[in-house]
Amino acid sequence: MKILITGALGQLGSELAPALRSAYGETAVVLSDIRSDVNRALVESGPFFAIDCRDAAALAAVVSRERITRIYHLAALLSATGEARPQEAWDININGLTSVLEVAREYSCSVFTPSSIAAFGPTAPKDHTPQDTIQRPTSIYGITKVAGELLCDYYYKRYNVDTRGVRYPGIISSVTAPGGGTTDYAVHIYYAAVRDHRYECFLKGDSCMDMIYMPDAIQAAIDLMEADPSQLRHRNAFNITSMSFTPEDQAAYIRKYIPDFEISYNIDPVRQALANSWPNVLEDYAARVEWGWTPRYDLDATTADMLSRIAAREPTTVAPADC
Ligand code: SER
């Protein structure tokens with residue numbers, strides 16, 4: 001097994017890379033990203049290539065030279081950035097994926113591509129959103145995610161490229177901050193809670209969305225790619241979720257550890273519209289049955305772990321996680 005990660009310096013890649021190295025061996029994982037000026041420790045931790053994923057020739061050169069057999073294609077623009085720069089979002093998200101799939105076809109690689117809760121729109125059922133239901137997203141990010149799911153399925157059916165993916169909820173993590181997403185508030189809130197005991201949220205307090213903590217997001221990416229293909233009735237992409245909550249719910253859990261924590265609201269209409277158009281709670285039965293998806297972290301466990309990790313890095317007054 002030899003793995004290439006695109007977008008490796010982003011929120012998911014920066015934690016997936018070490019996890020894949022401990023699963024498959026230190027020399028089994030090659031990193032790439034359009035940037036090389038962030039996270040120098042990760043850049044210097046092993047083979048790294050500064051590649052724009054839209055450049056199929058550059059990708060092919062690395063895949064061929066490094067004898068890559070699996071690609072985790074994480075490079076993408078997220079939802080809020082996409083609304084600010086829709087043409088660029090289409091270009092990066094669709095042409096980047098197309099070049100990855102073409103290289104995978106030529107060099108017989110399997111491909112993991114994240115989809116998102118944003119692949120659903122306002123006409124999908126909001127609660128217990130089924131695996132197979134109407135997908136009419138209204139954001140450019142969501143449109144690229146639906147097109148990407150279909151393109152990945154097409155490459156599987158037409159060219160037998162082993163494509164698989166999950167529809168990630170908002171990912172909560174403490175190593176690399178997310179950038180340009182609507183669910184980013186659910187990460188920022190923990191940093192602000194530790195530092196200032198207050199947070200100004202850009203979404204309304206009752207905006208409900210699915211979320212997942214990074215260890216579960218990583219486990220999903222590894223387990224799905226290791227799953228027995230004969231058990232997969234779906235491929236691109238599986239609903240998964242660990243928890244579903246509002247900013248108000250999250251603030252209440254934070255108060256268990258920081259009793260004087262305060263949340264206030266200053267609504268960003270663009271991100272509020274995105275949140276309103278996405279599901280409240282996904283139904284993830286297909287992932288559970290077809291490849292054994294079982295999340296470990298709920299909101300309480302996530303909150304305790306996030307606050308203690310951030311507090312360990314910043315001088316703080318947070319009470320210990322077992323209070
Ligand atoms: N986390 C993403 C975003 O907010 C949704 O998949 O854009």
Side-chain angles (χ1 to χ4, degrees), residues 7 10-16 72-86 88-90 92-94 96-97 112-122 124 126 129 135-149 152 165-190 201-204 207-214 216-218 220-221 236-247 250 267-282 284 287 295 297 299 302 306:
Q11 185 195 16
L12 181 55
S14 62
E15 295 198 53
L16 182 63
Y72 279 88
H73 175 47
L74 309 183
L77 288 196
L78 291 186
S79 59
T81 311
E83 290 311 295
R85 308 202 296 269
E88 191 183 346
W90 177 268
I92 292 175
N93 294 7
I94 294 297
L97 176 59
F112 175 88
T113 311
S115 185
S116 163
I117 50 173
F120 297 105
K126 283 253 173 254
T129 311
Q135 290 181 265
R136 302 283 295 177
T138 46
S139 67
I140 189 68
Y141 176 66
I143 292 167
T144 67
K145 287 298 168 188
V146 175
E149 290 184 6
C152 288
V166 296
R167 295 182 183 131
Y168 276 125
I171 300 177
I172 297 174
S173 67
S174 62
V175 172
T176 304
T182 300
T183 56
D184 296 9
Y185 89 84
V187 178
H188 299 158
I189 193 172
Y190 290 122
C201 187
F202 56 75
L203 295 181
K204 288 185 190 157
S207 310
C208 190
M209 286 183 288
D210 289 288
M211 300 282 172
I212 186 172
Y213 194 35
M214 184 60 91
D216 284 331
I218 288 170
N236 301 283
F238 285 91
N239 284 4
I240 58 168
T241 185
S242 298
M243 55 194 126
S244 175
F245 59 77
T246 65
Q250 200 177 8
I267 307 308
D268 170 7
V270 172
R271 285 181 286 192
Q272 186 64 56
L274 289 163
N276 291 348
S277 75
W278 297 347
N280 297 332
V281 191
L282 292 183
D284 59 5
Y297 286 85
L299 177 55
T302 301
M306 280 293 287

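Just follow the structure's listing: the first ligand is 1, and inside any ligand the first atom is 1.
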| task | Would you sort out whether Y141 and T182 count as a side chain to side chain contact (heavy atoms under 4.5 Å, CB included), showing the intermediate values? | result | CA-CA 11 Å; Y141 176 66; T182 300; over 6 Å; no

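- Judged by distance alone, the side chains of Q250 and Y190 do bring a donor and an acceptor atom under 3.5 Å apart.
- At the shortest separation from atom 4 (O) of ligand 1 among protein heavy atoms lies T182 N, 2.6 Å.
- Residue Y185 does not touch ligand 1, judged by heavy-atom distances below 4.0 Å.
- Proximity to L78 (heavy-atom distance under 4.0 Å) selects the following atoms of ligand 1: 7 (O).
- Within the 4.0 Å heavy-atom criterion, both parts of S79, backbone and side chain, lie near ligand 1.
- With sequence neighbours left out, the side-chain contact (heavy atoms from CB on, under 4.5 Å) criterion links P122 to T138, S277.
- In terms of protein heavy-atom proximity, atom 5 (C) of ligand 1 is nearest to S116 OG, 3.4 Å.
- Ring geometry for F202 against Y185 counts as perpendicular: the plane angle is over 60°, on a 0 to 90° scale with 30° as the lower cut.
- For atom 1 (N) of ligand 1, the closest non-hydrogen atom of the protein is T183 OG1, 2.7 Å.
- A donor-acceptor pair shorter than 3.5 Å cannot be found between the side chains of S139 and S79.
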